[in-house]
Amino acid sequence: MKELLNVFQFDWAMSPAMAEKKPEKLKNKSILISGHEAALTLAYTIMCLNDKLKLGAKVFLCSPESDFESKIIPGALEREDLIYNSIDYIDEIKQKIDIVIHTGVCAAEIKPAFETYKTEISALNEVLTFAKKRRVERVFLLSDSRVYGKGENKFRAFAEGEFGKASPDDLAVQLMREIESTFTRETNPAKSAVLRTGVILGGGIGAHNGVEDVFRAVAEGREIELYSTENKVSFIYMTDVFNALYMLYDKKIRGVYNVAGADCAVSTGTMAAMLHDIFGSSAKIKMKENGSFEGNELNCGKLIFDGFKPSVDLTTALELCVMSYKKGNVDDFRFAHEHMGRLEAIQQVLMAYLIEVDNICRRHNITWYLGGGTLLGAARHEGFIPWDDDVDIMMLREDYDKFLEVAPAELPEGMILEDPKKNKRYNYAYAKLRLTDTVFATDFSKNHKGMNNGFAFDIFCHDKTANSKLGQKIHSKLTLFWLACVFNKWNHRKADNGNRFQSVITDFCKTIFPLRFSMRMLLFTLEMFKHKKKARYLYDGMGKSVHKGGFDKTFLDNEIRLDFNGYKMPVPAKYKEYLTNHYGDFMELAPLSTRIMGHEITLSDLNKYAEFHISNKELLRNGF
């Protein structure tokens with residue numbers, strides 16, 4: 001699918017695979033999707049998930065449009081996981097269908113004609129009759145905020161049971177209400193659910209949203225007019241539409257729900273201002289009073305109460321939509337609004353860290369390597385991942401311990417080392433370097449006053465682990481247990497690892513064990529195989545890949561140097577094998593909407609480093 005879709009279509013289609021809760025319950029499911037452009041977007045999403053997650057799901061696509069097959073991206077029908085049938089021949093589908101999703105006129109242009117009404121109701125009845133005959137597992141209807149009509153109060157955010165006025169000749173509202181009424185009447189309440197969306201956004205979705213011409217004009221720097229609305233309108237990025245549908249399926253939720261994006265309810269005037277804030281003078285938008293904009297503000301508290309968390313905010317969605325009309329290479333695309341314009345300065349400071357660490361390690365014969373996303377950036381971008389805001393380095397235990405011993409006396413003024421063995425109020429498993437006269441705190445870290453919250457640089461250690469798979473599994477599980485005890489005790493949280501029994505046990509142990517005891521046990525567990533003479537494997541006990549168990553020790557045996565932002569930095573000679581083990585296809589770029597900063601920073605002050613820059617002729621110590 002990556003070869004069939006453009007990068008902006010691929011973004012909303014692939015992003016659900018990047019979510020913490022992956023849609024793995026769709027494995028080997030057969031899914032009938034009917035409707036218009038929204039049906040296409042859902043089909044493409046499932047096909048992308050098949051590629052990424054090996055789901056093996058099969059999509060049966062149908063539509064009441066006579067020329068709908070021509071709208072399908074060339075090459076898609078050559079795949080085995082997509083089959084197209086006209087709605088008139090839906091009964092020719094002989095395979096067992098597990099899920100039916102009818103998108104109807106959601107995000108579609110509704111032409112004011114009786115024939116439109118007749119065609120859409122007939123298509124719905126065909127789909128519901130098919131679902132009833134086949135006794136499908138779940139049936140979903142996708143609707144949108146036009147169903148509510150118009151509220152008399154311009155501040156109204158419609159909840160699921162509330163409706164505004166609609167004149168008899170307002171075909172869009174009347175048709176959507178009739179579709180919902182028929183769906184509710186003709187489906188089993190225990191197996192069905194309705195999802196009403198905000199105005200759907202996404203590059204190349206082809207949906208009717210009333211603002212595509214605006215996005216195109218901003219991309220081209222042309223003047224454009226936009227209807228001014230008194231009321232707010234809720235928008236949503238296509239990724240979150242799919243994520244919400246999957247949550248209804250995953251949690252077996254039934255009934256009617258609203259869904260919209262994060263911080264996405266705005267007037268069209270506010271949207272115009274947001275586009276100007278992002279794209280400056282290219283956003284030549286004039287507001288006009290005569291006319292209307294289709295859409296309403298949605299109250300989405302019901303779905304959020306059940307656990308839904310939107311993943312894409314409106315600023316991000318708007319930038320992606322406009323960029324989808326611009327020409328040029330997007331491999332190094334990053335969001336202009338990240339870190340309030342500080343990202344370039346942040347990466348310059350991080351580069352200074354790297355050079356200082358390299359200098360110290362050279363003087364003391366310490367072997368170190370770029371690690372994590374920093375190593376990924378070196379391999380893929382010859383520097384930082386363009387949207388990255390942190391640095392990871394890694395060492396083996398002997399070098400790590402030696403660095404912690406010598407670094408405090410070697411660091412420039414204003415830079416300190418934080419180590420869990422020496423700071424009783426610092427409870428990360430790994431060490432950090434900090435700039436003491438800066439602030440760079442997350443919601444998580446700002447609550448811990450006993451540690452420095454300055455700009456940070458992470459230092460990880462890869463420890464030896466068992467040679468057997470069973471031993472590695474026990475070592476990893478034990479590490480994860482003590483990590484959970486430390487993290488949840490430190491942050492006053494209940495343990496929740498997806499397994500109820502394990503979470504209860506962890507919560508009990510977290511409660512009875514003092515925090516420093518759990519930290520000592522964690523550090524002991526990390527070094528459990530420190531003196532093993534014939535160890536063949538290492539593991540990422542301090543990092544995010546701890547659950548993967550061991551990896552070949554020879555991956556970190558020898559050093560080579562790669563170009564990194566104009567400097568030569570050390571990486572493992574087998575860095576490709578290491579990255580493949582940790583990331584799979586490490587050369588594959590992340591979907592655009594996931595190219596966001598690694599930390600949700602709530603307090604940020606770079607102080608004198610706000611304009612910091614390294615030149616090749618500048619001595620680092622003088623720079624600091």
Side-chain angles (χ1 to χ4, degrees), residues 1-2 4-19 21-23 26 31 33 35-52 59 61 71-73 76 101-109 140-146 195-212 215 233-249 257-264 271 295 298 300 303 308-325 330 335 590-596:
M1 288 302 292
K2 187 176 182 180
L4 302 181
L5 302 175
N6 68 44
V7 292
F8 295 93
Q9 294 169 320
F10 186 72
D11 176 66
W12 46 253
M14 182 58 78
S15 291
M18 307 293 121
K21 178 69 174 179
K22 292 178 173 52
L26 295 181
I31 306 163
I33 306 177
H36 300 277
E37 280 76 10
L40 272 178
T41 61
L42 293 175
Y44 295 155
T45 300
I46 293 169
M47 294 162 74
C48 281
L49 296 176
N50 280 342
D51 290 347
K52 182 69 175 179
V59 177
L61 187 64
K71 294 184 178 181
I72 301 173
I73 291 176
I101 304 172
H102 184 65
T103 69
V105 293
C106 176
E109 183 178 7
F140 297 99
L141 173 67
L142 206 60
S143 186
D144 67 46
S145 67
R146 290 176 291 178
L195 186 68
R196 297 171 182 156
T197 77
V199 176
I200 299 177
L201 302 177
I205 58 173
H208 172 71
N209 58 26
V211 285
E212 285 302 309
F215 297 149
V233 177
S234 289
F235 295 86
I236 185 170
Y237 195 63
M238 188 61 215
T239 294
D240 282 327
V241 176
F242 178 86
N243 288 341
L245 268 175
Y246 180 71
M247 191 188 111
L248 295 181
Y249 174 74
Y257 286 82
N258 288 338
V259 66
D263 302 321
C264 69
M271 172 182 282
L298 299 180
C300 304
L303 195 65
F308 179 71
K309 295 179 181 179
S311 61
V312 182
D313 63 25
L314 185 56
T315 302
T316 299
L318 292 177
E319 188 166 352
L320 287 169
C321 287
V322 173
M323 291 299 294
S324 71
Y325 288 105
V330 295
F335 293 103
L592 299 181
S593 62
T594 66
R595 298 182 189 182
I596 54 178

For [X] and [Y], work out which heavy atoms get closest and say how close.
X: Met18; Y: Lys52; result: CE-CE, 3.6 Å
X: Leu201; Y: Ala317; result: CD1-CB, 4.1 Å
X: Cys321; Y: Gly202; result: SG-N, 3.5 Å
X: Cys106; Y: Thr197; result: SG-OG1, 3.8 Å
X: Gly198; Y: Ile236; result: O-CG2, 3.7 Å
X: Cys264; Y: Phe235; result: SG-O, 2.8 Å

Those residues that, when tested against [X], pass salt bridge (Lys or Arg N to Asp or Glu O under 4.0 Å) (two or more places apart):
X: Lys21; value: Asp250
X: Asp240; value: none
X: Asp51; value: Arg79
X: Arg146; value: Asp144, Glu294

Going by heavy atoms in the side chains, are [X] and [Y] under 4.5 Å from each other?
X: Val259; Y: Phe308; result: yes
X: Leu248; Y: Leu303; result: yes
X: Leu318; Y: Phe215; result: yes
X: Leu61; Y: Ile72; result: yes

* To do: May I ask you to decide if His208's main-chain N or O and Glu109's side chain share a donor-acceptor pair within less than 3.5 Å?
  =>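 Absent.
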* Asked: If only atom types and distance count, is the side chain of Ser143 paired as donor or acceptor with the main-chain N or O of Arg196 below 3.5 Å?
  ->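 Not at all, since once roles are kept as given, no pair shorter than 3.5 Å links the two residues.
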* In this structure, are over 12 heavy atoms from other groups packed under 6.0 Å from Asn6 atom CG? ->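 Enclosed.
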* Considering residues at least two apart in sequence or located in another chain, which fulfil the side-chain contact (heavy atoms from CB on, under 4.5 Å) criterion with Ala262? ->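 Partners of Ala262 by the side-chain contact (heavy atoms from CB on, under 4.5 Å) criterion, ordered by chain and then number, come out as Pro310, Asp313.
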* Which residues satisfy the side-chain contact (heavy atoms from CB on, under 4.5 Å) test with Ser145, sequence neighbours excluded? ->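 Listed in chain order: Asn296, Leu298.
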Measuring from atom [atom1] of [X] to atom [atom2] of [Y], what distance do you get when rounded to the nearest 0.5 angstrom?
X: Leu49; Y: Ser15; atom1: CG; atom2: OG; result: 10.0 Å
X: Leu4; Y: Phe10; atom1: CG; atom2: CZ; result: 10.5 Å
X: Leu320; Y: Asp11; atom1: CG; atom2: CG; result: 5.5 Å
X: Phe140; Y: Ile33; atom1: CZ; atom2: CD1; result: 11.5 Å

Could you list the donor-acceptor pairs under 3.5 angstrom formed by side chains in residues 35-45, with sequence neighbours left out?
from, atom 1, to, atom 2, distance (Å)
His36, ND1, Glu65, OE2, 2.5
His36, NE2, Glu120, OE1, 3.4
His36, NE2, Glu120, OE2, 2.7
Glu37, OE2, Lys71, NZ, 2.9
Thr41, OG1, Ala38, O, 2.7
Tyr44, OH, Ile73, N, 2.9
Thr45, OG1, Thr41, O, 2.8

* Asked: Once the angle between the rings of Tyr249 and Tyr246 is folded into 0 to 90°, is it parallel (under 30°), tilted (30 to 60°) or perpendicular (over 60°)?
  ->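 Aromatic pair Tyr249/Tyr246 classed tilted.
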* By side chain to side chain donor-acceptor pair (under 3.5 Å) - contacts of Glu212 (at least two apart) ->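 Listed in chain order: Asn209, Tyr325.
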